[in-house]
Structures are given as C-alpha cells and as structure tokens.
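One-based numbering along the sequence shown.
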Amino acid sequence: MIMLNDENEGEETLADAHILPATSVGASAAKAIKQYLNLSDNPTASISFRGTVYGYRAPVMAAFSSRGPSLVGPEVIKPDVTAPGVNILAAWTPVTAPSLLRSDNRSVLFNIISGTSMSCPHVSGLAALLKSVHKDWSPAAVKSALMTTSYTVDNRREPISDIGSGFEVATPFAFGSGHVDPERASNPGLIYDITTVDYLNHLCSLKYKSSQIALFAKTNYTCPRNGAAHPGDLNYPSFAVLFKYGTGNAIIAHKRTATNIGNPVSRYRVQVDEPDGVSVIVEPRNLVFGKLGEKQSYEVTFVALGGSPFSSNSSFGSIAWISGRYIVRSPIAVTWN
C-alpha cells in the first residue's frame, strides 16, 4: 500500500505501524505517481532497499509542530526550544497494539512515534542531566541554559528549515530559541534566573486578580502597590515585542538581569541582529563581571520604524552576549497587531 500526501500535507512523511505492508511518499512524489497511473495502461511498481542513506538535511521543523505566537501570553515567545520528535524509537506498552487499532493483535515493547510526546522527554532528560551537574540551579536557570545555547542551523550550516512553510527558513515561532545542545547547555556562561515572586508579579502585570494568583501561589498574594512591571520585563531568555499596526517611532523597553556562571572575571560584548522594521538599542553594550554569581542588568529599547514590513506582520532577530567561547543568544520576535 502506498499512502500519498496531498499538497496540504507537503513532503512530511511519518513512520507508522501499518497492518498492511505500506509506505508513505511526499506530495511531489505523489503527484508523479498519480501522473504515471493515469498515463500507463499497465502500471507496475517495485521496492528497492537503498540501505542507510546519509546527507539529508537535519534537523528540520515538522509540519505538525505547534506554532507561536501564544494566543494567551504573546509577551513571551513560544515555543521555547525544539528537540528530536519525529520517527523516534521509543518504549511502548505491550497491552496496546502499535497501530492503536482494535483489530491489531500485535504486542511490542518498542514503537516508532512522532510528536511533542517525543520532544518533551528529550528535553526533560536534558533538564535532569543539567540538574545533576548543577544541583543549585533553579528550573528557570535550567531553561535559560537550554534556550541561550541552542542552535539555529542544520548539518549543512544552513538555517533550519520548516516543512510546514514549504521548507522556508524556520522562525522563533516554529522552534523558539532553536534546537537544544546539551553540551553547550552544561556551561552556558550566563543565565537568566527567575524566582517564584517574579512569576507572580508577571501574573500581576497580565492583570490577574489576587484571588486568581492565589490558585498558583497556594497562598494569599497581593500585587505590588506601585503597580506591576511590564509583562515583557519577566527575566526570560527571549524577547517578544508587541507593536500596534501602523505606529511609527513607537518605543518599548525591556529589562533583563544576567548571572555570571562562566569565567569569574569576564567581559561580554553585545551583538544585535535587528528585526526588519525595528531599531534595537542595548544599554550598556558591555557587561563586566568580577566573580561567579555576580549579576548585571541591561535594558533593550525597541523602536518601531513604521508598520509591519511583511504581510505576515512579524519579523525576527536576536541579541547575543559574547565572551570568548561563550555565546549567550536570545531571539527577538516582533509582532504588529
């Protein structure tokens, strides 16, 4: 059996535990097969096993992967990162058929699975690995290390592509900060830490009521009387900037605080890749640390130069703090509403 993708399904093919001998082909191959069937009076087919094939571009964002921006919290880029999640050899319960069909009587201990259910355990395992090395790290520190050290290029040193957009360059709304890199994450140089109170104040900035916040805090919590900070000031390792469509020279400022966990005495210089349609000003442009655990703060000012430069109403860039072998990178996603 040959399963043919249509144009909407594109070139993405997933391994499934079919009942019948079967294979899947992408939309371009499907089109060629249909043309051959229509033109031939006696169509034939054969299957040849080519062995292990190397050289395909990887990683590539899956078409089924959820996309940002977040509808309920656009002030934070989502997703955070990406990780292996397509055609993963994974443990499987023997009491459930690999195809999930009642008529399937097979019982296996492993199956080929795709989805967030596969990416999530990869990242969870990396988080546990980092915690075993850095026992004093908070959950936010672990997330920061994974995000700021992730990479955005594939095995050909080209930008990671997105099957869901026809192999266009993937954006932070597809992979967040990028693909996780466990070795670099174990020694990120700088981290962006977030306390429980920081998160609660973030909820205050989103106009949550004290009674609602108490459900998260498990205790009574009162928002600061002097008013909560801007939602974008959460000490997150990325920058989501929201402008009103058509506004020129609008200004939004975000603050961040970085903690030194790399070289005790170090100087980091900033490198900015500005999103289209936006000017980005970072002050100060150098962060100087004299010891481990020292914190330094900086402010990023985003200036809209006009309306959205694209029909997609979004543009992307990054801010990276560089010191020797350390590159602490944060993506920028600008959206015009």
Side-chain angles (χ1 to χ4, degrees), residues 1-31 47 49-68 77-93 96-101 104 106 108-129 143 146-147 149-185 331:
M1 179 174 66
I2 302 177
M3 300 181 65
L4 309 179
N5 280 9
D6 59 27
E7 291 185 0
N8 292 329
E9 293 169 320
E11 300 301 323
E12 185 170 70
T13 57
L14 304 177
D16 291 311
H18 297 289
I19 296 294
L20 301 174
T23 190
S24 300
V25 298
S28 58
K31 183 178 180 180
I47 298 176
F49 181 61
R50 300 170 58 191
T52 302
V53 179
Y54 297 95
Y56 285 108
R57 293 183 65 176
V60 177
M61 290 308 302
F64 62 75
S65 182
S66 296
R67 301 296 196 272
I77 295 178
K78 288 297 174 180
D80 291 320
V81 291
T82 190
V86 177
N87 296 340
I88 304 299
L89 178 62
W92 187 262
T93 173
T96 301
S99 65
L100 298 178
L101 297 175
D104 187 356
R106 293 174 296 177
V108 298
L109 297 178
F110 294 90
N111 201 357
I112 302 295
I113 313 172
S114 297
T116 305
S117 56
M118 293 295 98
S119 288
C120 182
H122 275 88
V123 176
S124 298
L126 294 182
L129 182 64
K143 177 184 283 190
L146 289 170
M147 290 176 64
T149 59
S150 59
Y151 57 89
T152 60
V153 295
D154 60 22
N155 56 348
R156 299 183 184 180
R157 306 306 299 173
E158 297 289 338
I160 293 174
S161 59
D162 182 4
I163 296 179
S165 62
F167 289 97
E168 296 290 332
V169 174
T171 74
F173 286 157
F175 57 36
S177 295
H179 193 288
V180 289
D181 185 334
E183 289 192 20
R184 289 190 60 213

Once rounded to the nearest 0.5 Å, what's the spacing between atom [atom1] of [X] and atom [atom2] of [Y]?
{"X": "Ile113", "Y": "Ile88", "atom1": "CD1", "atom2": "CD1", "result": "9.0 Å"}
{"X": "Thr23", "Y": "Asp16", "atom1": "OG1", "atom2": "CG", "result": "10.5 Å"}
{"X": "Ile2", "Y": "Ile47", "atom1": "CD1", "atom2": "CD1", "result": "7.0 Å"}
{"X": "Thr171", "Y": "Asp162", "atom1": "OG1", "atom2": "CG", "result": "7.5 Å"}

Distance-only, no hydrogens or angles: does the [X] side chain make a donor-acceptor pair with backbone N or O of [Y] under 3.5 Å?
{"X": "Asn111", "Y": "Thr93", "value": "no"}
{"X": "Asn5", "Y": "Glu12", "value": "yes"}
{"X": "Glu7", "Y": "Ala27", "value": "no"}
{"X": "Ser119", "Y": "Ala83", "value": "yes"}
{"X": "Ser99", "Y": "His18", "value": "no"}
{"X": "Arg67", "Y": "Ser65", "value": "yes"}
{"X": "Ser150", "Y": "Ser177", "value": "yes"}

**Message:** Run the salt bridge (Lys or Arg N to Asp or Glu O under 4.0 Å) test against Asp104 and tell me which residues pass, sequence neighbours left out.
**Reply:** Arg106
**Item:** Full working for side chain to side chain contact (heavy atoms under 4.5 Å, CB included) between Asn155 and Arg57
**Value:** CA-CA 6 Å; Asn155 56 348; Arg57 293 183 65 176; 4.3 Å; yes
**Request:** Measure the shortest side-chain to side-chain distance between Leu14 and Val86 over non-hydrogen atoms and say whether it is less than 4.5 angstrom.
**Result:** yes
**Message:** What I'd like to find out is whether the side chain of Val169 reaches to under 4.5 Å of the side chain of Ser161, using heavy atoms alone.
**Reply:** no
